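Here the structure is a predicted model, which is why all the values come from computation and not from measurement.
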Amino acid sequence: MKKIAVLLLALATLALGGCGYNDMQRSDEQVKAAWAEVVNQYQRRADLIPNLVNTVKGFAQQEKDVLIGVTEARAKATSVQVNANSVDDPEAFQRFVQAQREVTGALSRLLAVAENYPQLKSDQNFRELQAQLEGTENRIAVARQRFIKSTQEYNTLARQFPTNLTAMAFGYKPKPQFSVEDEKAIAKPPTVDFGTKK
């Protein structure tokens, strides 16, 4: 009886080893790690925003609406609680992505306002904060790219045979991806008009 139990245990171990369970675990962890890096970079951006806003505030008092918009977008984005498991919840994932889009839009408006103030653009503190923000935006893009790649690998593994059977048996579901908000708008080439007068 003991020999049969050992034999069944050995067969079960071999079956699980070849069924993709470990690959699913590894891939799931890679997706969670990539997501944690995305969240980390967005947090870095959120931490830079108060300094940037305060610097601009000193120069551009009349642009109060833009400054309030950035502050509110940051507050909303930081109130969306996420963790490594948020990637498994499509609704939480979308709330987070939408909040980050709002921050991106508000920051774009803030930097556009800064263009109207040459003395602000020449301020060393503002230039350093702007450079840090640009670097952070690049880090966000890289982190998102890694997340997209690891999610794509995970989703492929979860859908291809025979690992899809393991995924179904253990409840592994495809994970949501980042998507572009308005694909039609970005698919259209931009209109360039230099406003030449005749």
Side-chain angles (χ1 to χ4, degrees), residues 13-49 52 70 73-111 129-190:
T13 303
L14 285 174
L16 283 177
C19 70
Y21 179 78
N22 290 335
D23 291 335
M24 292 297 300
Q25 289 288 353
R26 178 190 43 76
S27 189
D28 186 49
E29 289 303 316
Q30 284 176 336
V31 169
K32 288 177 181 175
W35 178 245
E37 182 59 22
V38 169
V39 172
N40 180 41
Q41 293 307 325
Y42 278 125
Q43 183 61 50
R44 176 183 162 84
R45 179 174 74 174
D47 292 344
L48 285 171
I49 289 172
L52 191 63
V70 171
R74 178 190 179 271
K76 182 177 179 183
T78 56
S79 72
V80 176
Q81 298 298 314
V82 293
N83 58 39
N85 294 324
S86 297
V87 76
D88 293 325
D89 180 355
E91 289 176 16
F93 182 83
Q94 275 312 115
R95 282 193 305 273
F96 179 77
V97 169
Q98 184 57 38
Q100 294 306 323
R101 284 184 182 136
E102 290 176 24
V103 171
T104 300
L107 282 173
S108 296
R109 289 187 293 282
L110 177 67
L111 294 175
L129 287 168
Q130 190 174 18
Q132 286 182 29
L133 188 61
E134 288 169 0
T136 300
E137 292 296 333
N138 288 336
R139 289 177 179 162
I140 289 170
V142 169
R144 284 179 60 166
Q145 180 184 16
R146 289 179 182 152
F147 171 75
I148 289 167
K149 185 176 181 345
S150 64
T151 303
Q152 182 251 334
E153 290 171 0
Y154 170 86
N155 288 344
T156 300
L157 192 62
R159 290 183 177 133
Q160 75 185 24
F161 185 80
T163 52
N164 67 334
L165 300 175
T166 303
M168 286 189 295
F170 289 98
Y172 288 103
K173 294 181 176 23
K175 298 189 183 300
Q177 275 286 17
F178 273 107
S179 61
V180 176
E181 190 171 4
D182 189 359
E183 288 185 42
K184 289 181 183 175
I186 66 166
K188 199 168 58 170

Rounded at 0.5 Å granularity, tell me how far [atom1] in [X] sits from [atom2] in [Y].
{"X": "Gln132", "Y": "Arg139", "atom1": "CD", "atom2": "CZ", "result": "9.0 Å"}
{"X": "Ile140", "Y": "Glu37", "atom1": "CD1", "atom2": "CD", "result": "10.0 Å"}
{"X": "Thr166", "Y": "Phe161", "atom1": "OG1", "atom2": "CZ", "result": "9.5 Å"}
{"X": "Glu137", "Y": "Thr104", "atom1": "CD", "atom2": "OG1", "result": "5.5 Å"}
{"X": "Lys173", "Y": "Met168", "atom1": "NZ", "atom2": "CE", "result": "10.5 Å"}
{"X": "Thr136", "Y": "Gln43", "atom1": "OG1", "atom2": "CD", "result": "11.5 Å"}

Testing the basics here: between [X] and [Y], what is the closest heavy-atom pair and its distance to 0.1 Å?
{"X": "Thr151", "Y": "Gln177", "value": "CB-NE2, 3.5 Å"}
{"X": "Val31", "Y": "Tyr154", "value": "CG2-CB, 3.6 Å"}
{"X": "Ser150", "Y": "Ala34", "value": "OG-CB, 3.4 Å"}

- Task: Applying side chain to side chain contact (heavy atoms under 4.5 Å, CB included), run through Leu157 and Gln160 and close with a yes or a no.
- Result: CA-CA 5 Å; Leu157 192 62; Gln160 75 185 24; 4.2 Å; yes
- Message: I'd like to know if the side chain of Ser27 reaches the main chain of Asp23, judged simply by a donor and an acceptor atom lying under 3.5 Å from each other, with no hydrogens or angles considered.
- Response: no
- Task: Examine distances only and state if a side-chain atom of Tyr172 and a backbone atom of Asn155 form a donor-acceptor pair shorter than 3.5 Å.
- Result: no
- Quick one: do the Gln100 and Arg45 side chains pair a donor with an acceptor below 3.5 Å? yes
- Message: Check this for me, if you would: do Asp47 and Arg44 make a salt bridge, where the nitrogen-to-carboxylate-oxygen distance has to be below 4.0 angstrom?
- Response: no
- Any side-chain heavy-atom pair from Pro176 and Gln94 closer than 4.5 angstrom? no
- Task: Please state whether the rings of Phe147 and Trp35 are parallel, tilted or perpendicular, taking 30° and 60° as the class boundaries.
- Result: tilted
- Query: Parallel under 30°, tilted from 30 to 60°, perpendicular over 60°: which one fits the rings of Phe170 and Tyr21?
  - Reply: tilted
- Message: Run Thr156 and Gln152 through side chain to side chain contact (heavy atoms under 4.5 Å, CB included) and show every step you take.
- Response: CA-CA 6 Å; Thr156 300; Gln152 182 251 334; 3.7 Å; yes
